[in-house]
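First the proteins, then the strands, lettered A, B, ... as listed; each starts at 1. Just the heavy atoms: all of them, side chains too, but no hydrogens, waters or symmetry mates, feed the values below.
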Amino acid sequence: MDVSHILNSLNDAQRQAVTADPGNLLVLAGAGSGKTRVLVHRIAWLIEMTGAAPGNLLAVTFTNKAANEMRSRIEELLERPIGGMWVGTFHGLAHRLLRAHWQEAGLPEKFQILDADDQLRLIKRTLQALDLDENKWPAKQCQWYINQQKDEGLRADHLEHYGQDYQRTMIGVYKAYEGACERGGLVDFGELLLRSHELWLKQPGLLAYYQQRFTEILVDEFQDTNAIQYAWLRVLAGTRNHVTAVGDDDQSIYGWRGARIENIQQFTRDFHPATLIRLEQNYRSTSTILKAANHLIANNSGRLGKELWTDGMEGEPIAVYAAFNEQDEARFICDQIQQWAKRGRRREEIVVLYRSNAQSRELEEALLRTEVPYRIYGGFRFYERLEIRNAVGYLRLIASRDDDAAFERVINTPVRGIGNVTLELIRNLARSEGCSLWQAARQAVTRGQLPGRAAQNVQDFMRLIDLLEEYAATHELHLSADYVIRQSGLIQHHEKEGGEKARSRLENLEELVNAAGAFVPDATPDGEKPTPLETLGAFLDRAALDAGDTQADDYEDAVQLMTLHSAKGLEYPFVIIAGLEEGLFPHKMSADSLSGLEEERRLCYVGLTRAREKLLLCHAESRRLHGEEHLTRPSRFLKEIPAELRQEVRMKGQVSRSFAVGERGAGESWGRRDVSTRADLAQEPQGLSLSLGQRVRHPTFGEGVVLNSEGRGSNARVQINFDGVGGKWLVMAYAKLEAI
DNA sequence: AGTCCCCCCATTTTT
DNA sequence: TGGGGGGACT
């Protein structure tokens, strides 16, 4: 067979990895070395050359995005669909198993997935039921504890408290929470993995079936696997199946959420015998950037070892800017962005990375002031938004009346006169009867345990849900979604709220209808077309397992802002890293352990290796944190980059009328930033005084009316509702406003 | 039921 | 410094 299309375009190391004989294989893939490509081509090779059927292959990733991308790239390469192959996230695959074998797994047929928010609410209720003081035992902490145990594969029964109060309580909460999940048929994220692992251990026949089926298992981002995922893989692989693990120990940045770097470090021992192949040729960055990254990461211990190289260009030195404070840093970054754009490059090519989300505000304000378009990644994802969660709550209640989390969420949203007193009565009834809130509510109504008014309201609510279900059972999903957001009153609720926020909420609700319209459920095993209610169930599962990428819209050429963590896997021509200071990056919370520090260093390595052409590293000499000024020292990571690769920079066009200040060595050629430039920032705005309701003109946004204002002096901001553009907050000092 | 105020907290995030 | 949550008040 002609496989040149699979092998052409690969370098030697990549080809070796792709064509390695079936067996355990560890591909240590450096940043920008063509990792996904190797994985995709390896799969194509296995199918075309070793006689493996797509159905014998299982590919696992961590995010839905990666899974989708992998599937489509394989199909593109093979030029045919690979329906029989399982490609998905750990959680997605585990979920698939549990849906298929719910009985063997000891679950109700219609078990529901509990997302993080639902989980927290359930834990809160559990704490109340146990009569524990939430101040002493914060729900968040309990959630953290429970998830951590599940990630380690441990159930409450496996845990010992050794007489320790903390342990004893946590185990108690864990146990009670397990009970609540059991009663409600609820499965949280950790439970998906844990239970499907247990399923295999308890059902040897089932395990044998899957072991026979999946002879080739491929895992992406192996350095991110946690204990239960690793155990799951080992059980499935057994002694005969082959595991191809792709990853990079130097990019392991999720230790804090249970990922075990040891898993990749010990792969060749645990999956013995195994071949190890390193991909070290980098196709992304300049050699200067790679040298810097190599030097930095060399400070870590216990690495599998790897050195990136390129036959590309040397590129520019790495720019380092010592800012006066965080405002100066932000301003300098804006300036650099504008200069990049002035040279005819796109702002989209730039990313600004920071260690913690809080840093984004200062940057945002500066970008707003200088009118540089930007987009912030992270923050709320689609299915986490309040209005979406409410709408989904109705859908969930339609699908399953016993879904208490959904019941609690929507019974009085929008308000329908069912207050806390009524709800508490229903909760108590549910607790004492051991039934769901829905059932308790029905009982309360029929037995007349509620005052007339409340009884009527509850009854109306229940009738509404029944009505919605009737509709949903006979209509396509997107029609039902539309029906639900209208009949439930959610649309009206936000409409009368008014304002910019409400408008975006309404848009999101419309977007949910679109998402429902675009949703295509997996084919049922028997190949029949799913009923509308089955489709709804599948849609809800996806809503829980997939955050839903909200990106997409907004085509403006904008700079990207995100944390270093969320930058993993991405690349940009120009990367700016802000806040390289001791205590911030490396973060002080990670500074007291070697493993923590090394993970911070890997995070920095990830940041550096995102850059293709140009890298700018910033630190401020003083930074305001929690309202207090702190003098800071440059991050050790800066010093770990060889001096000959770095170049200190300052504001363009600025004469170095430097004033000498301690610390800085006299031999250094760059001067301190000019005082007068700094003073410019504080300049008072020109005296345009606006009154509320006044009409104004803006060079970009056109005409609008002043709605609101806040602050004074150089900080004064006004909110203006621009005709056709909508509400915007502008800084008076910078927005070139004109009264009409 | 909604609003206000005070207190507490403050890394990183996917499923 | 600022945001969120909880409690108290209207």
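With P as the reference atom, C:dG5 and B:dT12 are 16 Å apart, rounded to whole Å. For C:dG3 and B:dT14, the C1' atoms lie 24 Å apart once the distance is rounded to whole Å.
When atom types are taken as modelled, the side chain of A:D404 and the backbone of A:L437 share a donor-acceptor pair closer than 3.5 angstrom.
In this structure, the nucleotide among B:dT11, B:dT13, B:dT15 sitting nearest to the side chain of A:R257 is B:dT13. Each of B:dT13, B:dA10, B:dT11 was ranked by its minimum atom distance to the side chain of A:S356; first place goes to B:dT11. Ranking B:dT15, C:dT1, C:dG2 by closeness to the A:T89 side chain, first place goes to B:dT15. With B:dT12, B:dT11, C:dT1 as the candidates, the nucleotide lying closest to the side chain of A:S590 is B:dT11. Candidate nucleotides B:dT12, B:dT15, B:dT13 were compared by shortest atom distance to the side chain of A:L545, and B:dT15 ranks first.
Within the 4.0 angstrom heavy-atom criterion, only backbone atoms of the sugar-phosphate kind lie near A:G419; the bases stay farther away.
With hydrogens and angles left out, the side chain of A:R355 and the base of B:dT11 share a donor-acceptor pair within 3.5 Å.
For B:dT12, the base is stacked against the aromatic ring of A:W256, per a cut-off of 5.5 Å between centres and 30° between planes. Stacking of the aromatic ring of A:H587 onto the base of B:dT11 is found: the ring centres lie under 5.5 Å apart and the planes are inclined by under 30°.
Not one side-chain nitrogen or oxygen of A:N226 sits closer than 4.0 Å to the OP1 or OP2 atom of B:dT15. Put simply, A:N420 has no side-chain N or O that comes within less than 4.0 Å of OP1 or OP2 on B:dA1. At least one side-chain nitrogen or oxygen of A:N64 sits closer than 4.0 Å to the OP1 or OP2 atom of B:dT15. A sub-4.0 Å separation between OP1 or OP2 of B:dT13 and a side-chain N or O of A:T563 is present. The side chain of A:N412 contributes an N or O atom lying less than 4.0 Å from OP1 or OP2 of B:dA1.
Proximity of the aromatic rings of A:H619 and A:F585 is defined here by a centroid distance below 6.0 angstrom, and this criterion is not met. Within the 6.0 Å centre-distance limit, the rings of A:F214 and A:W86 are counted as a close aromatic pair.
The shortest distance between side-chain heavy atoms of A:Q149 and A:R155 does not fall below 4.5 Å. Residues A:N147 and A:Q119 are in side-chain contact: their nearest non-hydrogen atoms beyond the backbone lie under 4.5 Å apart.
Between A:G627 and A:T63, the one whose closest nucleotide on DNA chain B sits nearer the 5' end is A:G627. Residue A:K588 is the one, among A:L192 and A:K588, whose nearest nucleotide of DNA chain B lies closer to the 5' end (criterion: closest heavy atom).
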